[in-house]
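Here the structure comes first, spelled out in structure tokens, and everything after it is commentary.
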Amino acid sequence: MQVRSRGSLVKVLFGFAFFVSVIMHGGLGRVPAWSGETTGEKPANNLEIIHEKLKADKKLIVTKYMTLTASEAKKFWPVYEEYQQDLQKINQRLLHLLQSYAADYRNQSLTDDKAQKLLDEWIAIENDDAKRRASYVPKVIQALPPKKAARYLQIENEYRIVLKYDLAATVPLVQ
């Protein structure tokens, strides 16, 4: 099978990130978390639904670009699921960090001490994420031929970069 071009993967990922952005931020207007607005919906239920939709969409993207044989799929998907569970733990920490910052941003209550704690936690999250990613390279290489392992890790990296770009574009600078 022919592997789809990198350009089309980037387009798919940017489209996916746009979808994530619209869902996470309640539309194309102002961002409720930063402005103090509420949507009036039940956040836990909506977040659970969104999370499940995003997980399914990401798996479809990976499936489309990996072109796995049945034997490869049998070895790969358990590693993928484990990776996603660990990734979710990092994402939860990042979410709590952003929620804390959003509360201080809305209330204009960010002190130097709080800013230092947020910065320390952000660096800890980044370091832990790098260690987590590095720990999965051998597992992915064991499950897949090296070129396919590299392709999967490249997809994960591009996905991560696109989402970080979206966060950078929507999270306001410290005042």
Side-chain angles (χ1 to χ4, degrees), residues 6-62 64-65 80-136 152-175:
R6 188 166 196 266
S8 67
L9 173 60
V10 171
K11 288 178 188 173
V12 168
L13 289 173
F14 268 106
F16 183 71
F18 177 76
F19 170 77
V20 170
S21 176
V22 170
I23 296 295
M24 284 177 57
H25 305 254
L28 297 173
R30 292 184 293 167
V31 179
W34 303 110
S35 64
E37 299 171 10
T38 60
T39 61
E41 298 174 2
K42 297 178 184 175
N45 292 338
N46 288 342
L47 288 178
E48 288 172 21
I49 292 167
I50 291 166
H51 177 69
E52 291 305 313
K53 170 81 171 124
L54 295 177
K55 280 190 342 189
D57 288 349
K58 183 178 180 186
K59 194 168 187 175
L60 284 174
I61 290 169
V62 170
K64 178 179 179 180
Y65 287 92
Y80 172 87
E81 293 299 336
E82 182 184 351
Y83 185 91
Q84 299 309 308
Q85 288 174 359
D86 282 354
L87 178 61
Q88 182 59 27
K89 292 173 189 172
I90 294 286
N91 289 342
Q92 282 297 323
R93 287 176 61 196
L94 183 59
L95 176 64
H96 291 298
L97 177 81
L98 290 171
Q99 288 172 334
S100 177
Y101 175 55
D104 286 328
Y105 183 86
R106 276 192 313 269
N107 298 326
Q108 298 179 347
S109 61
L110 186 64
T111 64
D112 284 341
D113 287 339
K114 287 181 184 178
Q116 184 64 55
K117 287 178 184 174
L118 290 172
L119 182 59
D120 291 344
E121 177 60 11
W122 175 60
I123 296 300
I125 291 169
E126 289 290 317
N127 288 335
D128 291 347
D129 187 40
K131 288 176 193 170
R132 178 195 55 78
R133 284 184 282 122
S135 75
Y136 274 91
Y152 169 67
L153 294 168
Q154 185 179 21
I155 291 168
E156 282 290 346
N157 189 53
E158 289 183 10
Y159 176 83
R160 184 178 58 81
I161 289 168
V162 167
L163 291 179
K164 287 193 178 279
Y165 174 82
D166 181 61
L167 279 176
T170 56
V171 175
L173 292 174
V174 172
Q175 300 297 312

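In what follows, residues are counted from 1 in the order of the sequence shown.
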About how many Å separate [atom2] of [Y] and [atom1] of [X], when rounded to the nearest 0.5 Å?
| X | Y | atom1 | atom2 | answer |
| --- | --- | --- | --- | --- |
| Leu97 | Tyr101 | CG | OH | 10.5 Å |
| Tyr105 | Leu110 | OH | CG | 11.0 Å |
| Lys58 | Leu87 | NZ | CG | 5.0 Å |
| Leu94 | His96 | CG | NE2 | 10.5 Å |
| Ile61 | Lys64 | CD1 | NZ | 8.5 Å |
| Glu121 | Gln116 | CD | CD | 12.5 Å |

So, do [X] and [Y] sit near enough that their side-chain heavy atoms are less than 4.5 Å apart?
| X | Y | value |
| --- | --- | --- |
| Tyr136 | Glu156 | no |
| Val174 | Leu118 | no |
| Lys164 | Arg160 | yes |
| Tyr65 | Gln154 | no |
| Leu119 | Trp122 | yes |

Evaluate salt bridge (Lys or Arg N to Asp or Glu O under 4.0 Å) for Asp120 paired with Lys117, printing each intermediate quantity in order. CA-CA 5 Å; Asp120 291 344; Lys117 287 178 184 174; over 6 Å; no
From CA spacing to verdict: salt bridge (Lys or Arg N to Asp or Glu O under 4.0 Å), Arg133, Asp129: CA-CA 6 Å; Arg133 284 184 282 122; Asp129 187 40; 3.4 Å; yes
Heavy-atom donor-acceptor pair, Gln108 side chain to Arg106 backbone, under 3.5 Å: no
Near Asn107 CG, under 6.0 Å, is it more than 12 heavy atoms from other residues, nucleotides or ligands? yes
Are more than 12 heavy atoms, taken from residues, nucleotides or ligands other than Gln92, located less than 6.0 Å from that residue's CD atom? yes
Can you give me the closest heavy-atom contact between Ala103 and Ser109, atom names plus distance? O-OG, 4.4 Å
Please determine whether a side-chain nitrogen of the Lys or Arg among Arg132 and Asp86 lies less than 4.0 Å from a carboxylate oxygen of the Asp or Glu. no
